[in-house]
Amino acid sequence: MKRDFLRLWDLSADEIDELIERAIGLKRGEDAQKCPLIGRSIGLLFEKPSTRTRISFEVGIYQLGAQAVYMTPSEIQLGRGETIEDTARILSRYLHAVVIRTFGHDRLVRFSSASDIPVINGLSDSHHPCQALADLMTIKEKKGRIKGIKVAYIGDGNNVANSLVEAAGRMGFSLNIACPEGYEPDADVLEDARDAGGEIIILRDPREAAGRADVIYTDVWVSMGQEAEMEQKKQRFRPYQVNAQLLGCARSDVIVMHCLPAHRDEEITSEVIDGPSSVVFEQAENRLHAQKALLEMILSH
Ligand code: CP
Ligand code: NVA
């Protein structure tokens, strides 16, 4: 039975704990000489640009002994109208798993239904679960625990926010989200996470959300594919900038996270992203370790 990772929900809390421990071990150099995925080929089908996701997967796949095959729609027949389902059927016959970065989440679901190989979501318009794994690993490293931590997400209720909401539902940290009205995470994602026991509060005032936070998290206001809304969103989100003044509302040992890439001096000031509270570059490094642990979990048997 193939094992997909399309949303954070696809892993149990125990599996996420195990994966984080393994990722921390891999980061320390554990099993560096072992190549558990030797002889496998893993596709990377990317319909949007990427620095972290693409390179961390390519390098991680190599370190696990497997081969990465990078594809964009314009280089394969998908870009000339071959269906997602036919593409999935064909790639299933060559590859052992595929990481897909795309627009509508339904494209991942369609690919998965027609494929015999595990599908990993490398970002869709609605979810970014690989990012959430690295985020959880970073929180565990920096704060020593995940359960009971207070996270403030300041900004757009986008794919990154949806995956953090699912993470809060799964892992038992509290999540205060500050966003303008109409820019909340998806209602069904919020409902499922709250049903699972997640303590998730939507606020309008970023200072209130940041109050006593252990972690302040933000992301761009305009995600890939939303460029037409840029000017309107920039106006609407201006009060939601993560800056030194906002940090003053949080605990003195607060850490600042951002999935990157950042639009410096829009959603976060350079002073904060380059400042002592920021863990963004280690968070980005953790993509590599967390995804290696994910690939091992999904593919090693
Ligand atoms: N955070 C993240 O997914 O970055 P990339 O878009 O560079 O992959
Ligand atoms: N929300 C951003 C995340 C980029 C990693 C986007 O979708 O563009």
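Both counts, for ligands and for their atoms, begin at 1 and track the order of listing. Owing to the predicted nature of the structure, the values given are computational and were not obtained by experimental measurement.
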*Does ligand 1 have an atom that lies less than 4.0 angstrom from a heavy atom of L123?*
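L123: no contact with ligand 1 (<4.0 Å).
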*May I ask whether K48 places a heavy atom under 4.0 Å from ligand 1?*
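No heavy atom of K48 comes that close to ligand 1.
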*Above 12 or not: heavy atoms from other molecules or residues under 6.0 Å from NZ of K34?*
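No, the 6.0 Å shell around NZ holds no more than 12 heavy atoms from other groups.
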*Check the surroundings of atom CZ in R194: do more than 12 heavy atoms from other residues, nucleotides or ligands lie under 6.0 Å from it?*
yes
*Between P49 and ligand 1, is there a nitrogen or oxygen pair with a distance under 3.5 Å?*
no
_Nitrogen or oxygen atoms of P261 and ligand 1 under 3.5 Å apart_ =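 P261 vs ligand 1: no N/O contact under 3.5 Å.
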_I need the minimum non-hydrogen distance between P129 and S163, along with the two atoms involved._
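Looking at all heavy atoms of both residues, the shortest contact is N-OG, 3.4 Å.
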_Quick test: of every protein heavy atom, which one is nearest to atom 3 (O) of ligand 1, and how far off is it to 0.1 Å?_
H128 NE2, 2.8 Å
*Protein contact of atom 4 (O) of ligand 1 - nearest heavy atom, named by residue and atom, plus distance*: R52 NE, 2.9 Å
Name the atoms and distances for all side-chain donor-acceptor pairs under 3.5 Å in residues 203-211, with sequence neighbours left out.
from	atom 1	to	atom 2	distance (Å)
R204	NH1	C179	O	2.7
R204	NH1	P180	O	3.4
R204	NH1	E184	OE2	3.1
R204	NH2	E184	OE2	2.7
D205	OD1	R207	N	2.9
D205	OD1	R207	NE	3.3

_Would R264 and D274 count as a salt bridge (charged side-chain N to carboxylate O under 4.0 Å, His left out) here? Give the steps._
CA-CA 10 Å; R264 282 171 174 257; D274 296 329; 2.8 Å; yes
*asked:* Within the 4.0 Å heavy-atom shell around R287, which atoms of ligand 1 are there?
replied: 1 (N), 2 (C), 3 (O)
*For T51, the ligand 1 atoms whose distance to one of its heavy atoms is below 4.0 Å*: 5 (P), 7 (O), 8 (O)
*Does any donor atom in the side chain of T53 or R101 lie under 3.5 Å from an acceptor atom in the other side chain?*
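Their side chains do contain a donor-acceptor pair, which is all the 3.5 Å distance test asks for.
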*asked:* Within the 3.5 Å criterion, strictly below it, is a donor on Q131 or R287 matched to an acceptor on the partner's side chain?
replied: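 Yes - a donor-acceptor pair under 3.5 Å links their side chains.
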*Heavy atoms only: which of R101, R54, Q283, M224 is nearest to atom 6 (O) of ligand 1?*
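Among R101, R54, Q283, M224, the closest heavy atom to atom 6 (O) of ligand 1 comes from R101.
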*asked:* Can you confirm if the aromatic rings of Y70 and F57 lie within a centre distance of less than 6.0 Å?
replied: no
*Report yes or no: do V272 and Y217 belong to one cluster of Ile/Leu/Val/Met/Phe/Trp/Tyr joined by side chain heavy-atom distances under 4.5 Å?*
no
_Which protein residues come within less than 4.0 angstrom of ligand 2, counting heavy atoms only?_
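For ligand 2, the residues that come within the 4.0 Å heavy-atom cutoff are L123, N158, N159, D219, V220, S223, M224, L260.
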*For the residue pair Y183 and F237, categorise the inter-ring angle as parallel (less than 30°), tilted (30 to 60°) or perpendicular (more than 60°).*
perpendicular
